[in-house]
Amino acid sequence: MGLPVGVLLARDAYRGLGHALSGAYLVTRSGALRRSTAALERAGVIGWTVRQSYFQRQAGLLSITATTAAGAGAYTVYDADAAEGLDFAAEAVQGLLEPFLERVPAGE
């Protein structure tokens, strides 16, 4: 009984994941039974934390947390594609993450 319920909850949580840039805002969404959506003003982001578990590394995913002095203090984009997630963070707040990124030219 527990395994089917767990699979259904995991699938619902996966469907609830999302992130986007909308004008001056960074929007992130997550959750299964209790979904939450946060719209954070991009100018309020003061730092990024990038985390990757062993299982995320195997799947090519990572979690990126935008740090801010407002609200809850941190808002996370869960299980983003590694390249897409880093590009998202770099675009969200221009100049904050770029010094730490290494760009590989296409075809290499």
Side-chain angles (χ1 to χ4, degrees):
M1 176 85 175
L3 183 62
V5 171
V7 169
L8 289 174
L9 286 174
R11 191 172 179 174
D12 186 50
Y14 175 76
R15 283 192 359 227
L17 291 176
H19 60 277
L21 298 177
S22 179
Y25 292 90
L26 178 157
V27 181
T28 181
R29 184 177 70 163
S30 64
L33 296 175
R34 189 179 139 245
R35 287 219 171 99
S36 65
T37 301
L40 175 63
E41 193 168 353
R42 292 160 63 173
V45 176
I46 58 174
W48 291 100
T49 302
V50 179
R51 294 176 191 239
Q52 191 175 45
S53 71
Y54 172 79
F55 297 108
Q56 285 177 316
R57 190 173 308 117
Q58 298 305 312
L61 304 173
L62 50 78
S63 294
I64 305 167
T65 302
T67 305
T68 180
Y75 299 89
T76 303
V77 173
Y78 295 99
D79 294 335
D81 176 80
E84 177 190 319
L86 292 173
D87 287 342
F88 172 78
E91 184 181 342
V93 184
Q94 306 262 325
L96 188 60
L97 193 59
E98 280 86 0
F100 306 100
L101 295 179
E102 181 178 306
R103 302 286 182 182
V104 178
E108 286 189 19

Is it true that a side-chain atom of Thr28 and a backbone atom of Thr76 form a donor plus acceptor pair closer than 3.5 Å? yes
Do Val50 and Phe100 touch side chain to side chain, with heavy atoms closer than 4.5 Å? no
Donor-acceptor check, side chain of Thr65 to backbone of Ala74, threshold 3.5 angstrom: yes or no? no
Could you walk me through whether Phe88 and Val77 satisfy the side-chain contact (heavy atoms from CB on, under 4.5 Å) test, starting with their C-alpha distance in whole Å, then the side-chain angles of each, then the deciding distance to 0.1 Å, before giving a yes or no? CA-CA 10 Å; Phe88 172 78; Val77 173; 4.0 Å; yes
Could you pull out the closest heavy-atom pair between Thr68 and Gly44, with the gap in Å? OG1-O, 2.9 Å
Under a single-linkage rule joining Ile, Leu, Val, Met, Phe, Trp and Tyr whose side-chain heavy atoms are separated by less than 4.5 Å, which residues share a cluster with Phe55? Tyr54
Considering all heavy atoms, the nearest Gln56-Gln52 contact: OE1-CA, 3.3 Å
Backbone of Glu91 reached by a side-chain donor or acceptor of Arg42 within 3.5 Å: yes
Non-hydrogen atoms of Ser63 and Asp79 that approach each other most closely: OG-N, 3.6 Å
Out of curiosity, does Ile64 fall in the hydrophobic cluster containing Leu96 (side-chain heavy atoms, cut-off under 4.5 Å, transitive links)? yes
Quick one: do Leu62 and Leu97 end up in the same hydrophobic cluster if we chain Ile, Leu, Val, Met, Phe, Trp and Tyr together by side-chain heavy atoms under 4.5 Å apart? yes
Pair Leu21, Leu26 - check side-chain contact (heavy atoms from CB on, under 4.5 Å), show working. CA-CA 5 Å; Leu21 298 177; Leu26 178 157; 4.3 Å; yes
